[in-house]
Amino acid sequence: MKNKKKHIAILGSTGSIGTQALEVISEQSNFFEIEVLTANSNSNLLIQQAIEHKPNTVVIADEEKFQEVNDSLCPHNIKVYAGADALAQVVEMDTIDMVLTALVGYAGLRPTINAIKSKKNIALANKETLVVAGALITNLAKEFGVNILPVDSEHSALFQCLVGEVYNPIEKIYLTASGGPFRGMNREQLANVTRAQALKHPNWDMGAKITIDSASLMNKGLEVIEAKWLFGLAPEQIDVIVHPQSIIHSVVQFNDGSMKAQMGLPDMKLPIQYALAYPQRLNASFPRFNFMDYPNLTFEKPDTHTFQNLALAYDSMRKGGNSPCVLNAANEVVVDAFLKEKIGFLEMSDVVATCIEKATFVANPSYEDYVGSDLESRQIANDLIK
Ligand code: NDP
C-alpha cells in the first residue's frame with residue numbers, strides 16, 4: 001500500500017535543526033513533503049531551500065526582506081508572507097499535518113500555541129516554548145488532542161525508552177550532559193573565556209544560542225524544565241549526569257530499579273527523523289555506532305557551584321509559575337550580550353539570578369502574564385547590562 005505522505009511545516013528551516021530536517025526529508029521523500037518553510041532574516045538560504053523543496057508557502061519574519069523573497073519565489077508559484085503575525089498564522093493551514101518548531105527562543109511560543117489550537121502534531125525542537133509556558137502548552141495539547149514529539153536528543157532518548165511502558169511508573173530520569181567546552185574549569189578560568197571558545201562545542205554542531213547555553217549549562221537547565229513538562233515529572237525525579245562522550249543520550253529508571261538508556265552517535269538527524277516519522281522507525285543511512293571506537297564511556301557529577309545556571313534552572317522550576325519564563329527571557333538577553341562581547345561568561349548567570357529575584361512573581365500565569373513577564377525580565381536584564 002502506498003503511504004500517505006506527511007505534510008510538514010518547518011519553522012526555522014534555515015537553522016541547524018531546520019537544515020538537518022530538510023536533509024532527512026529529502027532522504028525520506030516517500031514519507032514526507034514540505035508544506036511551509038520559515039526563516040527570520042536569512043533570505044538567501046530561504047529562497048534556495050524553497051526552490052529546491054517547493055513548499056506551498058514561505059514566511060520570512062523580517063518584513064524588510066519580503067520584496068526580495070517574493071520576487072524570487074513568485075515565478076515558482078510559492079506564496080510568500082512576512083512578519084511575526086504571518087509566522088504565527090501560517091501553521092493554521094489545513095494542508096499541514098505536522099509542525100517542526102526549529103526556531104530559536106521565545107519567538108516559538110505564539111506559533112506553537114496556534115499550531116496546537118489547529119490540531120497539528122508538534123515535533124518540538126524549540127525547548128524555550130516549554131520552558132516559558134509548559135503548563136499552558138501541555139494543557140492545550142491535552143485539550144486539542146495533539147502529540148508533542150520531542151526532537152531534543154535527550155528527550156527523544158527518554159521518549160524512545162518509554163515506548164511500550166505506558167502503565168509503568170517512572171522512578172526517575174537521568175538527562176546526560178556533555179559538559180560543554182569548559183568542563184573541568186573553575187570560576188577563575190571561566191572569567192576570561194571568549195566568545196570563540198564558547199562557540200566550540202566538543203560533540204555537537206548547533207546554532208549560536210544553544211551552543212552558548214551548552215557551554216554555560218543553561219541548556220541542561222532548560223532541558224530539565226522541558227523534561228518536567230514532557231513527561232509529567234516532579235523536580236526530584238529529574239537528575240543530570242555529565243557524560244562527555246555524548247553516546248548515551250539519556251536514561252529512564254523504572255519503579256523496579258530497571259534502567260533503560262538510548263544510545264548512538266551524536267547526530268541530530270536521528271531524533272529529528274524519529275519525531276517526524278513516529279511511531280515508525282524508517283530505514284536510514286546514518287553512520288552506525290562502533291563500541292570499539294568508544295571503549296570508555298564515563299560519567300561525572302555536574303559542577304553546579306561553577307556552572308550556576310543549572311542550579312538556577314532547578315530553583316526556578318521548583319518555584320514554578322512565571323519563574324522559568326523570567327529565567328528564559330533573561331538568558332536570551334545575556335546570551336545575545338555575550339555573543340556581542342558586551343558581558344563576560346560569568347556575568348551571564350549573575351544577571352539571570354538578579355532577574356529572577358527582581359521580576360514580579362505570578363503563581364498561575366495566563367498567556368498575557370507570560371508576555372508581560374518576558375518583557376519585564378528582558379527590561380531588567382538590559383538595564384543590568386548597560
Ligand atoms: P539556529 O540559530 O541554527 O536556527 C534558528 C532558526 O530560527 C533559523 O531558521 C532562524 O532564521 C530562525 N529564527 C531565529 N529567530 C527567529 C525569530 N525571532 N523569528 C522567527 N524565526 C527565527 O538554531 P538551532 O537550529 O540550533 O536551534 C533551534 C531550536 O532547536 C532551539 O530552540 C534549540 O534549543 C533547539 N535544539 C537545537 C539543537 C541543535 O542541534 N541545533 C539540538 C536540540 C535542540 P535565520 O536563519 O533567518 O536567522
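Order of listing sets the numbers, starting from 1, for every ligand and every atom in it. These values consider heavy atoms only, across backbone and side chains, with no hydrogens, waters or symmetry-generated copies.
- Listed for the Arg378 side chain is no donor-acceptor partner under 3.5 Å among the backbone atoms of Ala329.
- Within the 4.0 Å heavy-atom criterion, the part of Leu87 lying near ligand 1 is the side chain and not the backbone.
- Residue contact check for ligand 1: Lys127 places a non-hydrogen atom closer than 4.0 Å to it.
- With no hydrogens or angles considered, a side-chain donor-acceptor pair links Gln197 and Thr194 at under 3.5 Å.
- The distance criterion of under 3.5 Å between nitrogen or oxygen atoms is met by Asn42 with respect to ligand 1.
- Distances from atom 4 (O) of ligand 1 to the heavy atoms of Gly15, Ser13, Ala208 put Gly15 nearest.
- In this structure, atom 29 (C) of ligand 1 lies nearest to the protein heavy atom Leu103 O, 3.6 Å.
- Of all protein heavy atoms, the one closest to atom 44 (C) of ligand 1 is Asp152 OD1, 3.4 Å.
- Here Ile210 has side-chain heavy atoms under 4.0 Å from ligand 1, and that is the only part of it that gets that close.
- With no hydrogens or angles considered, a side-chain donor-acceptor pair links Asn328 and Glu332 at under 3.5 Å.
- The backbone and the side chain of Ala125 each have at least one atom closer than 4.0 Å to an atom of ligand 1 (non-hydrogen atoms only).
- Under a 4.0 Å criterion applied to the non-hydrogen atoms of Ala107, ligand 1 contributes the atoms 17 (C), 18 (N), 19 (N).
- Contacts between Glu128 and ligand 1, counted as non-hydrogen atom pairs separated by less than 4.0 Å, involve the side chain only.
- Distance alone, capped at 3.5 Å, is enough to place a donor-acceptor pair between the Gln245 side chain and the Thr298 backbone.
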